[in-house]
Amino acid sequence: MRYRSPCLAFVEMRTLLHKISLASLCIAHFLLAHQAIGQEFLFSWIIEADDGNGAPENAVAVTNDVRSIGDQMSSQALETLFPGEDFSNPNLVDIDANLNLRGVLIRAAFVDDSSELVISAPFLDSDLLFNGDDRDGSVELFEKWLRGEFQDAAVPDTALTELLQELVAHSAVDPIAGNPNSLQTRMFEAAYFTGSSGVYRPSPNAPGADEWTGKDHFRAQVRYDRFKAGPWSGNVWEIGLDYQINFRNPKFAVLLDLPFTVSQTEGSESFLVSVGLGLQWRPTHWWNLTPSFRLGGAGSFKLGAVAIMANANLTSSMRWEIGASQFSLGGLELGTPDFELNIGNMFGWNGTFDDIVISDIRIAYELNNYAIRNGIDLTRRLNGRWLGGRPVVKLYFTDTWILGSRLFLDHYNELGLQTGTQSQTGGQWRDNLAFSAGWVFGNRYDALQLKLSYRF
C-alpha cells in the first residue's frame with residue numbers, strides 16, 4: 001500500500017475498484033492495530049515499510065507522550081522496528097503510516113523517493129506538506145506543528161485548529177474540552193457549585209434572623225475522581241478555596257473561588273486552574289441569584305494541549321423547608337421528618353482566547369459553548385450534634401448539557417449521597433463539614449467521585 005501525491009495520481013490513474021479495496025484495507029488495518037494494542041496507549045503509529053522486495057512489512061509503535069511521536073518515526077527507530085532495512089536513503093524504502101492521536105486518526109506518508117512528509121485526514125481541508133532536509137527533519141517539523149511551533153505556506157494556519165477541534169469532538173481525554181475532566185466542564189461545575197451552595201438571606205420570622213452579622217466565610221475543598229473515558233482511564237485530584245464576603249445588608253454577597261486540578265490519564269498529567277468572581281443577590285430568604293465570571297487555563301506537555309478560557313454564568317438556587325408533620329393512620333400516630341429541598345439551575349457560556357502567542361506558539365481551538373446545568377437535592381437534618389454541628393444526610397442529582405462546538409461528551413449526569421454537619425447563620429442553615437460520594441456517568445464515560453469540603 002503506497003501513497004501517491006495528488007500530482008502523481010493524475011499521472012497514474014487507478015481504477016475505482018482498486019480505490020475501494022485500498023480504503024477497505026486501510027480501515028481493516030486500523031481495526032486490527034487497535035485490537036493488537038488494546039487501545040490503552042494515547043498515541044500509536046501503525047507503520048508500513050515497503051522496499052519493493054516482497055510484501056510490505058508492518059509494525060506498531062506506542063507512547064503516552066506526544067513529545068515522543070517524532071522519535072518513533074525517526075530513521076533510527078524505524079531501523080529497530082524493521083531490522084535489515086536502511087531508512088537513511090529515501091530511495092530505498094517507502095513509508096506509509098497511520099497515527100492514532102488520542103482517538104483521532106491521521107495518515108502520514110513520505111512521497112515516493114522523497115523526504116517530503118504528507119499528512120492527510122478526512123477532517124482536513126487539504127493535505128499538509130512537511131519538507132525538511134531529510135525524512136527525520138520532516139517528521140520533526142510535523143511534531144513541532146502539533147505543538148503549535150511551526151508555520152509554513154505549505155501548512156494552512158487553520159489546519160491545527162481543525163485538528164484541535166477534531167480532538168475535542170472525538171477524544172475522550174482532551175484536557176481542554178469535551179469531557180467532565182476538561183477545563184471547560186470544570187469551569188462550568190465550579191460556577192454552579194459556588195453559586196448554588198451559598199448562605200441564604202434570613203427569613204424575617206425565623207428564630208435568630210436578627211443575629212445576622214455579615215460574617216465572611218471561607219471554604220476549603222478536596223476532590224478525587226477515578227474515571228474511565230472511552231478506552232482510557234485515569235485519576236483526577238482537585239483542591240479549592242472559596243471566600244464568601246457577606247455584607248451587613250443580607251441581600252448581597254461577593255463570591256470568590258480558586259480551584260486547582262491535576263488530571264492523570266494513562267500516566268500523562270494535565271494541569272487546570274481557574275478563578276471565579278460572582279455577585280450574589282438574595283431577593284428572598286429562599287432564592288439566590290448569582291451572575292459570575294471565570295478565567296481559566298489548562299496545559300499538558302505530554303498530551304500536547306494548552307488553552308486559556310473565559311466563562312460567564314448565571315446561577316439560580318432555590319431552597320424550601322419541608323417541615324415535620326403528624327398524622328393518624330388506623331389509630332396510629334405517625335410523623336414525617338423535616339426536609340430541605342434545593343433546586344439549582346445554571347446557564348453559562350464558555351469560549352477560548354485564540355489570539356494569544358507565547359514564545360511563537362499559537363494554538364487556537366476556536367471553541368464557543370453554552371451549558372445548561374440543573375440539579376436537585378433533598379436534605380434530611382438529624383437530631384443531636386456532631387463535630388460542632390447538626391448531622392445531615394443529602395441525596396443529590398444533577399444533569400448537564402453543553403451545546404455549541406462539537407464535543408466528545410455533551411451530556412452527562414451526577415448522582416450521589418452526601419453526609420456532614422450544618423449550623424445556622426442568621427436563622428438559615430449552611431453546610432459546615434460535607435463529604436459526598438457520587439457517580440458521574442455519560443456516553444462512554446463513568447467516574448467515581450469523592451468530595452470533602454469544610455466551611456469556616
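Nothing here was measured: the structure is a model prediction, and the numbers come from that model. Numbering starts at 1 and runs along the sequence shown.
Remark: the Asn98 side chain and the Arg107 side chain contain no N/O donor-acceptor pair separated by less than 3.5 Å. With hydrogens and angles left out, the side-chain atoms of Tyr365 and Asp354 include no donor and acceptor closer than 3.5 Å. In this structure, a donor-acceptor pair under 3.5 Å is absent between the side chains of Tyr412 and Thr185. One side chain, Asn342 or Ser317, offers a donor N or O that lies under 3.5 Å from an acceptor on the other. Using modelled atom types, one finds no donor on one side chain facing an acceptor on the other under 3.5 Å when comparing Arg102 with Asn64. A side-chain N or O of Arg381 and one of Gln422 form a donor-acceptor pair less than 3.5 Å apart. For the residue pair Ser74 / Asp136, no side-chain donor-acceptor distance below 3.5 Å is found, with atom types taken as modelled.
Considering all non-hydrogen atoms of both residues, Phe123 and Ile106 come closest at CZ-CG1, 4.2 Å. Arg201 and Pro250 make their closest contact through CB-O, 4.0 Å (heavy atoms, listed as atom of the first residue, atom of the second, distance). Closest of all the heavy-atom pairs between Val60 and Leu81 is O-CD2, 4.2 Å. Of all heavy-atom pairs spanning Phe408 and Gly178, the tightest one is CB-O, 3.5 Å. Across all their heavy atoms, Ala305 and Ile176 have their closest contact at CB-CG1, 4.1 Å. Residues Met309 and Ala177 approach most closely at CE-CB, 4.4 Å, considering heavy atoms.
Atoms CG and CG, from Leu42 and Leu101 in turn, are 9.5 Å apart once rounded to the nearest 0.5 Å. For the atom pair Trp349 CH2 and Asn313 CG, the distance stands at 10.0 Å (nearest 0.5 Å). Distance CG/Leu367 to CG/Leu407: 7.5 Å, rounded to 0.5 Å. Taken to the nearest 0.5 Å, the CH2 atom of Trp232 stands 9.5 Å off from the CZ atom of Arg444. Distance check: Ser120 OG to Asp127 CG gives 5.0 Å after rounding to the nearest 0.5 Å. Interatomic distance, Leu450 CG to Asp225 CG, rounded to the nearest 0.5 Å: 8.0 Å.
Side-chain atoms of Phe227 and Pro180, non-hydrogen and from C-beta on, never get closer than 4.5 Å to each other. Using a 4.5 Å cut-off on side-chain heavy atoms (C-beta onward), Arg135 and Ile95 make contact. Between Thr63 and Phe41 there is no side-chain heavy-atom pair separated by less than 4.5 Å. Residues Arg430 and Ser423 have side chains in contact (heavy-atom distance under 4.5 Å, counting atoms from C-beta outward). Looking only at side-chain heavy atoms (C-beta outward), Phe193 and Arg219 come within less than 4.5 Å of each other. Between Phe397 and Asn413, the closest side-chain pair of non-hydrogen atoms falls below 4.5 Å. The closest side-chain heavy-atom distance from Asp242 to Leu258 is not below 4.5 Å. Here the side chains of Leu163 and Leu146 are in contact, with some heavy-atom distance below 4.5 Å.
When Thr261, Leu183, Val306, Val262 are each tested for a side-chain contact (heavy atoms from CB on, under 4.5 Å) with Phe271, only one passes: Val262. Among the candidates Asn311, Thr352, Asn179, Asn369, the single residue satisfying the side chain to side chain donor-acceptor pair (under 3.5 Å) test with Gln184 is Asn369.
Glu48 places no side-chain N or O within 3.5 Å of a backbone atom of Ala97 that could act as its donor or acceptor partner. Remark: the backbone N or O of Tyr243 is not paired with any side-chain donor or acceptor of Asp216 at under 3.5 angstrom. With Asp431 contributing its side chain and Ala434 its backbone, the two residues share no donor-acceptor pair below 3.5 Å.
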side-chain hydrogen bond (donor to acceptor under 3.5 Å, both in side chains), that's the test. Do Asn432 and Arg455 meet it? Break it down for me. CA-CA 5 Å; Asn432 284 346; Arg455 176 173 281 162; over 6 Å; no
What do the steps show when you test Arg186 against Glu238 for salt bridge (charged side-chain N to carboxylate O under 4.0 Å, His left out), and what is the final call? CA-CA 10 Å; Arg186 291 271 172 160; Glu238 180 176 288; 2.9 Å; yes
Is there a side-chain hydrogen bond (donor to acceptor under 3.5 Å, both in side chains) between Asp399 and Asn374? Walk through the geometry before answering. CA-CA 5 Å; Asp399 176 78; Asn374 300 301; 4.9 Å; no
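Residues passing the side chain to side chain donor-acceptor pair (under 3.5 Å) test with Asp71, sequence neighbours excluded: none. In terms of the ring pair (Phe, Tyr, Trp, His ring centres under 6.0 Å) criterion, Phe247 has no residue partners (sequence neighbours excluded).
Counting non-hydrogen atoms of other residues, nucleotides and ligands closer than 6.0 Å to CH2 of Trp320 gives a total above 12.
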Side-chain donor-acceptor pairs under 3.5 Å in residues 288-296, sequence neighbours left out?
from   : atom 1 : to     : atom 2 : distance (Å)
Asn288 : ND2    : Val199 : O      : 3.4
Thr290 : OG1    : Gln280 : NE2    : 3.1
Arg294 : NH1    : Asp257 : OD1    : 2.9
Arg294 : NH1    : Asp257 : OD2    : 3.0
Arg294 : NH2    : Asp257 : OD2    : 2.8
Arg294 : NH2    : Ser274 : OG     : 3.0

